[in-house]
Enquirer: 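Here's a structure for you.
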Number of protein chains: 2
Amino acid sequence: MTIDTSPAQQIDPMEQMICFDLYAASQAFTRVYKPLLAPLGLTYPQYLVMLNLWADSPLSVGEIGHRVSLESNTLTPLIKRLQEAGLVTRTRDPKDERRVVVALTETGRTLKARADHVPLCILRATGMSSDDLIALQRNLRDLTAAMLTADG
Amino acid sequence: MTIDTSPAQQIDPMEQMICFDLYAASQAFTRVYKPLLAPLGLTYPQYLVMLNLWADSPLSVGEIGHRVSLESNTLTPLIKRLQEAGLVTRTRDPKDERRVVVALTETGRTLKARADHVPLCILRATGMSSDDLIALQRNLRDLTAAMLTADG
DNA sequence: GTAATTTAAATCGTACACGATATTAACGTA
DNA sequence: TACGTTAATATCGTGTACGATTTAAATTAC
C-alpha cells in the first residue's frame, strides 16, 4: 500500500486527532452533567445505572453491565455505593445464586422525579437541533462500530 | 425550538443519549490504541503527552496541561511514570522555580520512530474518509464549544 | 521592602475503567 | 454422581480524572 507517511508531528499534534475531540466532547458533557447530578448525589456513571433501573427494576449486575458497557469490576463497587446511599438493594437470585439482583428502593424510585429534568437540560446545553444531534449520533455509532470491528 | 418532553424512561434509556455514544466512541478508540501503544509501554494519555513533547521539547507541566486539557493533579503522577520509564526528565525552571520543565531523554526521543505508524493505523481503523472525519471533528468541536459556554 | 495576592505544581481523597485472577454456582458429560 | 467446563460476580492492582487543599515561588500593592 502507498500511504502518506509524512510525519504527524509537523502539525499541531492535537489538531489532527479525532480521538482527542471525542475525549474533549465527552469531558464537556461530564462538566455539564456534574452540576445537574451533584444535587442528586450521583456521578454520571451512577446516573446511567439509575436510568436503567428506573426503566426496568430489578436488573442483574450483568444486565446492567450489558446496557452501560461496563463489567463487574467497575459495576460492583459502583452499585455498592448506590446501596450505601440507600438507592438500591443487592440480593442473590435464589434461582441462580451466581447472579446478583439489583433493585430500586423506595428512595431510589423517588429520586427519579428529581432527575427527570436532566435530559432536557442536556439537550439544551448542546445548542443543537434534534436532527443535528441524531445525525451526529449516527456518525458516532458508525465510527464506533467500525473501530470495534477493525482488525487492528 | 419545540422539544419532545415525553419522559425519557419510556425509551431505552441508553438509546437517546448522545453522551453515551460519545463515551462509547471514546472507549472504542481506547481499545484500538491499546494494542498499538502497549508495545511502546505507553497508555493513551501518556501517548498524548509524548506526542506534544516529540513536537516541542521541553515543555512545562502547565504547557502540557493546556495542550491535553489536563491539570497538574493528573499530569504530575503521569509524568513521573514517564520519568521512571526513562522517557523524560523533570527539572525546575531556574528562571521561575515554580515551573517544572519536562524534557525528552534520548530514549524518549528514540521512541518516536516506533510510534510513527500509530496515527495511520488509527485512521484506517475508523474506516472513514478524511473528509468525513474532518466533518465529524468539526461537529464535535462545535458541540464541545456549545457545551462549555452553556449557562447551565 | 514587606505584606497580600496570584500562580505553578504537588498532594490528597474519591470514583471510575479495565486487565488479570479468584470464587462460587450452574451445567454438561461420562 | 463425580468432574471438567462454563458463567456471574467479586477482588486486586495500575492508571487516569478531578475537586479541594497545600506549598512555595513570583508578582503586585502599598
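Letters go in sequence order (proteins before strands), and every chain restarts at 1.
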Enquirer: Check the pair A:Arg138 / A:Asp142 against salt bridge (Lys or Arg N to Asp or Glu O under 4.0 Å), numbers first and verdict last.
Expert: CA-CA 6 Å; A:Arg138 193 160 19 234; A:Asp142 290 349; over 6 Å; no

Enquirer: Could you state the atom-to-atom distance from CG of B:Asp96 to P of D:dA24 in whole Å?
Expert: 16 Å

Enquirer: In whole angstrom, what separates A:Phe29's CZ from D:dA17's C1'?
Expert: 18 Å

Enquirer: Of the nucleotides C:dA25, C:dC18, D:dT9, which has the atom closest to the A:Ser60 side chain?
Expert: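 Minimum distance to the A:Ser60 side chain belongs to D:dT9.
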
Enquirer: Assign each of B:Pro94 and A:Gln27 to its nearest nucleotide of DNA chain D by heavy atoms, then name whichever residue's nucleotide is nearer the 5' end.
Expert: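 Here A:Gln27 is the residue nearer the 5' end.
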
Enquirer: Taking atom NE2 of A:His66 as the centre, does the number of heavy atoms from other residues, nucleotides or ligands within less than 6.0 Å exceed 12?
Expert: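 Atom NE2 in A:His66 is not packed in, count stays at 12 or less.
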
Enquirer: Give a yes/no answer on whether the side chain of A:Lys80 brings an N or O atom under 4.0 Å of OP1 or OP2 in D:dT11.
Expert: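 Yes, because at least one side-chain N or O of A:Lys80 sits under 4.0 Å from OP1 or OP2 of D:dT11.
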
Enquirer: Classify the angle between the aromatic ring planes of A:Trp54 and A:Tyr47 as parallel (below 30°), tilted (30 to 60°) or perpendicular (above 60°).
Expert: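 Rings of A:Trp54 and A:Tyr47: perpendicular, over 60°.
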
Enquirer: So, OP1 or OP2 of D:dA10: does either fall under 4.0 Å of a side-chain N or O from A:Arg90?
Expert: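 Checking D:dA10 against A:Arg90, a side-chain N or O does come within under 4.0 Å of OP1 or OP2.
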
Enquirer: Is it the case that D:dT9 (base atoms only) and A:Arg98 (side chain only) share a donor and an acceptor within less than 3.5 Å, ignoring hydrogens and angles?
Expert: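 No such pair is found, so the answer is no.
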
Enquirer: Are A:Met147 and B:Arg31 side-chain neighbours, meaning at least one heavy-atom pair lies under 4.5 Å?
Expert: no

Enquirer: Report yes if some heavy atom in the side chain of B:Leu53 is under 4.5 Å from a heavy atom in the side chain of B:Leu87; otherwise report no.
Expert: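 Not touching, per the 4.5 Å side-chain cut-off.
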
Enquirer: Just the rounded figure in Å: distance from P of D:dC18 to CG of B:Leu70.
Expert: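 Rounding to the nearest Å, CG of B:Leu70 and P of D:dC18 are 7 Å apart.
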
Enquirer: Could you give the CG-to-P distance, from A:Leu42 to C:dA15, as a whole number of Å?
Expert: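 So the CG-P distance, A:Leu42 to C:dA15, works out to 12 Å.
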
Enquirer: Side-chain N or O of B:Thr74 less than 4.0 angstrom from OP1 or OP2 on D:dA17?
Expert: no

Enquirer: Looking only at non-hydrogen atoms, find the nearest pair between B:Tyr23 and A:Leu70 and report the distance.
Expert: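 Heavy-atom minimum between the residues: OH-CD2, 3.5 Å.
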
Enquirer: Are the side chain of A:Thr144 and the backbone N or O of B:Ala28 linked by a donor-acceptor pair below 3.5 Å?
Expert: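 Judged by distance alone, no pair lies under 3.5 Å.
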
Enquirer: Taking OH from B:Tyr33 and P from D:dT16, how many angstroms apart are they, rounded to a whole number?
Expert: 15 Å

Enquirer: Give the rounded distance in Å between these two atoms: CG of A:Asp93 and P of C:dA26.
Expert: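 Computing the A:Asp93:CG to C:dA26:P distance gives 9 Å.
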
Enquirer: Given that A:Ser69 and B:Val100 both sit by DNA chain C, which one's nearest nucleotide is further toward the 5' end?
Expert: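 Final value for this comparison: B:Val100.
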
Enquirer: Measure from NE2 on A:His66 to P on D:dA8 and round the result to the nearest Å.
Expert: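 Going from NE2 in A:His66 over to P in D:dA8 covers 12 Å.
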
Enquirer: Find which nucleotide of DNA chain D each of A:Arg92 and A:Lys34 is nearest to by heavy atoms, and output the residue with the more 5' nucleotide.
Expert: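 In this pair, the answer is A:Arg92.
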
Enquirer: To the nearest Å, how far apart are B:Ile79 CD1 and C:dA9 C1'?
Expert: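 So the two atoms are 10 Å apart, to the nearest Å.
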
Enquirer: Heavy atoms from C-beta onward define the side chain here; which of C:dC18, D:dT9, D:dC18 lies closest to that of A:Ser72?
Expert: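 Within the option list, the nearest is D:dT9.
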
Enquirer: Would you tabulate the pairs of protein nitrogen or oxygen atoms and nucleotide nitrogen or oxygen atoms of nucleotides 12-15 of chain D closer than 3.5 angstrom?
Expert:
none

